[in-house]
Undergrad: 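Before I ask anything, here is the structure I am working with.
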Amino acid sequence: MNTLDDIIGAVRKDLTARRRLIPEAELSDQVAEVGPGLDCAALLSGTDGLKVIAEVKRSSPAKGNLADILDPGGLAAEYEAGGAAAISVLTERHRFGGCLADLDAVGARVRVPLLRKDFIVDPYQLWESRAHGADLVLLIVAALEQPLLAELLALAAEIGLTPLVEVHDETEVKRALDAGAWVIGVNARDLRTLEMDRGTFARLAPEIPDGVVRIAESGIRGPQDAADYAAQGADAILVGESVVTGGDSKRAVAALVEAGRQRGRALR
Ligand SMILES: O=C(O)c1ccccc1NCC(=O)[C@H](O)[C@H](O)COP(=O)(O)O
């Protein structure tokens with residue numbers, strides 16, 4: 001079994017347990033109370049400089065344990081102070097060490113949009129995401145058949161979530177656009193083999209029409225990578241490992257923001 005299938009198998013089991021505890025109808029009542037999330041496409045557009053989405057990431061299948069994050073809200077506040085335009089929170093527990101309580105903790109400390117980064121395969125998870133304060137959700141094309149992708153995208157929009165639709169190749173870009181995506185993330189990491197190819201964004205970006213927000217995800221080591229992605233037309237970058245392992249997370253985020261800004265200026 002490849003890594004993605006393995007993760008999704010565990011996610012489905014957890015989901016069955018959570019659904020028994022909190023029925024979907026209860027979550028939809030909560031969503032009606034909290035209302036829609038922030039309109040994230042405009043906030044992540046790179047017209048005024050590359051945006052940085054900084055991730056709360058404890059561990060990963062590719063690298064194992066990365067950081068003992070005891071205070072996810074405090075870490076997110078550092079990211080925001082460093083200029084992050086959004087915070088990504090990994091809520092999957094078996095391979096990433098996250099949970100929905102992390103999303104609550106982060107939401108209590110920052111004003112920028114929150115991305116729930118998980119393996120979403122069921123409408124239940126969308127209700128749950130919004131009920132826990134997410135503004136964005138990740139939809140991974142490789143994990144979803146086309147009708148389900150379109151259904152999840154439409155439901156997300158209906159309940160005030162911005163779907164970040166993740167792709168790895170040309171076929172998946174087409175599937176994302178056919179489903180109606182307006183924010184697309186190009187992941188340099190192949191989720192089945194965990195191999196990293198930093199050339200993926202440059203190859204796929206021309207396939208993504210103007211007006212669709214383009215996000216480069218994974219493997220961003222520091223300012224030079226941020227500047228390169230800005231030069232290749234990324235609106236935003238999504239960064240985990242290098243901002244949790246560097247020691248000073250606020251400074252690490254600020255350096256990425258500054259590199260993206262300078263590169264953007266040079267291109268104008
Ligand atoms: O990070 C992994 O090893 C991983 C493996 C399988 C599926 C997803 C995985 N990561 C989720 C992400 O997309 C990243 O956390 C995110 O893009 C940040 O990546 P990085 O900056 O390389 O930590």
Side-chain angles (χ1 to χ4, degrees), residues 1-12 44 50-67 69 72 75-76 79 82 84-99 102-103 106 114-121 134 136-144 163-169 172 176 183-201 204 213-226 228-229 234-246 249 252-253 255-257 259-260:
M1 200 189 279
N2 67 55
T3 306
L4 184 59
D5 291 343
D6 183 34
I7 295 170
I8 288 175
V11 163
R12 283 191 199 283
L44 294 178
L50 184 79
K51 302 290 160 58
V52 175
I53 307 171
E55 188 157 276
V56 176
K57 183 174 188 178
R58 292 192 177 86
S59 57
S60 78
K63 298 283 177 72
N65 189 51
L66 294 171
I69 301 169
L75 176 62
Y79 290 161
I87 311 294
S88 167
V89 183
L90 269 160
T91 55
E92 196 282 334
R93 74 186 173 107
H94 298 282
R95 308 299 292 272
F96 296 89
C99 57
D102 286 349
L103 202 55
V106 171
L114 297 191
L115 165 64
R116 180 187 181 190
K117 199 130 198 300
D118 209 311
F119 298 81
I120 292 185
V121 289
L136 295 128
V137 280
L138 185 74
L139 298 179
I140 302 172
V141 173
L144 299 165
L164 160 50
V165 183
E166 181 175 295
V167 300
H168 301 87
D169 60 29
E172 290 183 6
V183 178
I184 293 186
V186 176
N187 201 333
R189 181 181 288 111
D190 183 317
L191 304 188
R192 294 194 171 96
T193 63
L194 302 185
E195 270 166 34
M196 186 71 75
D197 177 0
R198 292 189 181 79
T200 311
F201 183 84
L204 299 189
V213 176
R214 302 180 181 111
I215 302 178
E217 301 175 17
S218 300
I220 292 142
R221 294 160 291 194
Q224 185 57 55
D225 287 339
D228 289 348
Y229 280 129
D235 289 286
I237 52 174
L238 172 55
V239 194
E241 181 180 339
S242 70
V243 291
V244 294
T245 56
S249 296
V253 170
L256 296 172
V257 172

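Count residues from 1 along the sequence. Counting convention: from 1, in listed order, for ligands and their atoms alike.
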Undergrad: Between Arg95 and ligand 1, find which residue part has any heavy-atom pair under 4.0 Å and reply side chain, backbone, both or neither.
TA: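 Neither part.
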Undergrad: A side-chain contact here means heavy atoms from C-beta on lying under 4.5 Å apart; do Lys117 and Glu166 qualify?
TA: yes
Undergrad: For Gly219, counting its heavy atoms only, list the atoms of ligand 1 lying under 4.0 Å from any of them.
TA: 20 (P), 21 (O), 22 (O)
Undergrad: Examine Glu241 against ligand 1 and note whether any of their N/O atoms are separated by less than 3.5 Å.
TA: yes
Undergrad: Are Leu191 and Ile7 side-chain neighbours, meaning at least one heavy-atom pair lies under 4.5 Å?
TA: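 No; the side chains remain at least 4.5 Å from each other.
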Undergrad: Which residue and non-hydrogen atom of the protein lie closest to atom 21 (O) of ligand 1, and at what distance in Å?
TA: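 Going by distance alone, atom 21 (O) of ligand 1 is nearest to Gly240 N, 2.8 Å.
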Undergrad: In Å and rounded to the nearest 0.5 Å, what is the CG to OG1 distance from Asn65 to Thr245?
TA: 11.0 Å
Undergrad: Between Arg58, Arg116, Arg93, which is the residue that forms a salt bridge (charged side-chain N to carboxylate O under 4.0 Å, His left out) with Asp102?
TA: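 For Asp102, the salt bridge (charged side-chain N to carboxylate O under 4.0 Å, His left out) test succeeds with only one of Arg58, Arg116, Arg93, which is Arg58.
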Undergrad: Does any N or O in the side chain of Thr91 come within less than 3.5 Å of the main-chain N or O of Gly98, such that one atom is a donor and the other an acceptor?
TA: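 It does not hold such a pair.
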Undergrad: Which atoms of ligand 1 are found less than 4.0 Å from any heavy atom of Ala62?
TA: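 Here the atoms of ligand 1 in question are 3 (O).
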Undergrad: Considering non-hydrogen atoms of the protein only, which is the closest contact for atom 17 (O) of ligand 1, and what is the distance?
TA: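 Scanning the protein heavy atoms, the shortest distance from atom 17 (O) of ligand 1 goes to Ser218 OG, 2.7 Å.
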Undergrad: Tell me, do Tyr79 and Val244 make a side-chain contact under 4.5 Å, heavy atoms counted?
TA: yes
Undergrad: If hydrogens are left out, which of Glu217, Glu92, Met196, Glu55 has an atom nearest to atom 16 (C) of ligand 1, that is, the closest non-hydrogen atom?
TA: Glu55
Undergrad: To the nearest 0.1 Å, how far is atom 10 (N) of ligand 1 from its closest protein heavy atom, and which atom is that?
TA: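 Looking at atom 10 (N) of ligand 1, the protein heavy atom closest to it is Phe96 CE2, 3.6 Å.
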Undergrad: Heavy-atom contacts with Val239 under 4.0 Å: which atoms of ligand 1 show up? List them by number with element.
TA: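 In order of number, 21 (O).
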Undergrad: N/O to N/O below 3.5 Å, does that happen between Ile220 and ligand 1?
TA: no
Undergrad: Using distance alone, determine whether Arg189 and ligand 1 share an N or O pair under 3.5 Å.
TA: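 Checking ligand 1 against Arg189, an N or O pair does fall under 3.5 Å apart.
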Undergrad: Considering residues at least two apart in sequence or located in another chain, which fulfil the side chain to side chain donor-acceptor pair (under 3.5 Å) criterion with Arg198?
TA: none
Undergrad: Please state whether Lys117 comes within less than 4.0 angstrom of ligand 1, counting heavy atoms only.
TA: yes
Undergrad: In the protein, what heavy atom is nearest to atom 1 (O) of ligand 1, and what distance, to one decimal place, separates them?
TA: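 Ranking protein heavy atoms by distance from atom 1 (O) of ligand 1, first comes Lys57 NZ, 2.8 Å.
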Undergrad: Below 4.0 Å, non-hydrogen atoms only: which portion of Asn187 touches ligand 1? Side chain, backbone, both or neither.
TA: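 Near ligand 1, Asn187 shows its side chain, while the N, CA, C and O stay back.
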Undergrad: Could I get the full list of side chain to side chain donor-acceptor pair (under 3.5 Å) partners for Arg221, not counting sequence neighbours?
TA: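 Expected list: Asp225.
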Undergrad: At less than 4.0 angstrom from any non-hydrogen atom of Leu194, what atoms of ligand 1 do you find?
TA: 5 (C), 6 (C)
Undergrad: Taking the side chain as every heavy atom from C-beta outward, state whether Val141 and Val165 have any pair of such atoms under 4.5 Å apart.
TA: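 Counting from C-beta outward, Val141 and Val165 do come under 4.5 Å.
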Undergrad: Is Leu103 close to Leu114 at the side-chain level, that is, under 4.5 Å between some pair of heavy atoms?
TA: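 Heavy-atom side-chain distance check passes, below 4.5 Å.
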Undergrad: As a check for students: among Ile237, Leu191, Val56, Leu138, identify the option with a heavy atom nearest to atom 7 (C) of ligand 1.
TA: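 Nearest option to atom 7 (C) of ligand 1, by heavy atoms: Leu191.
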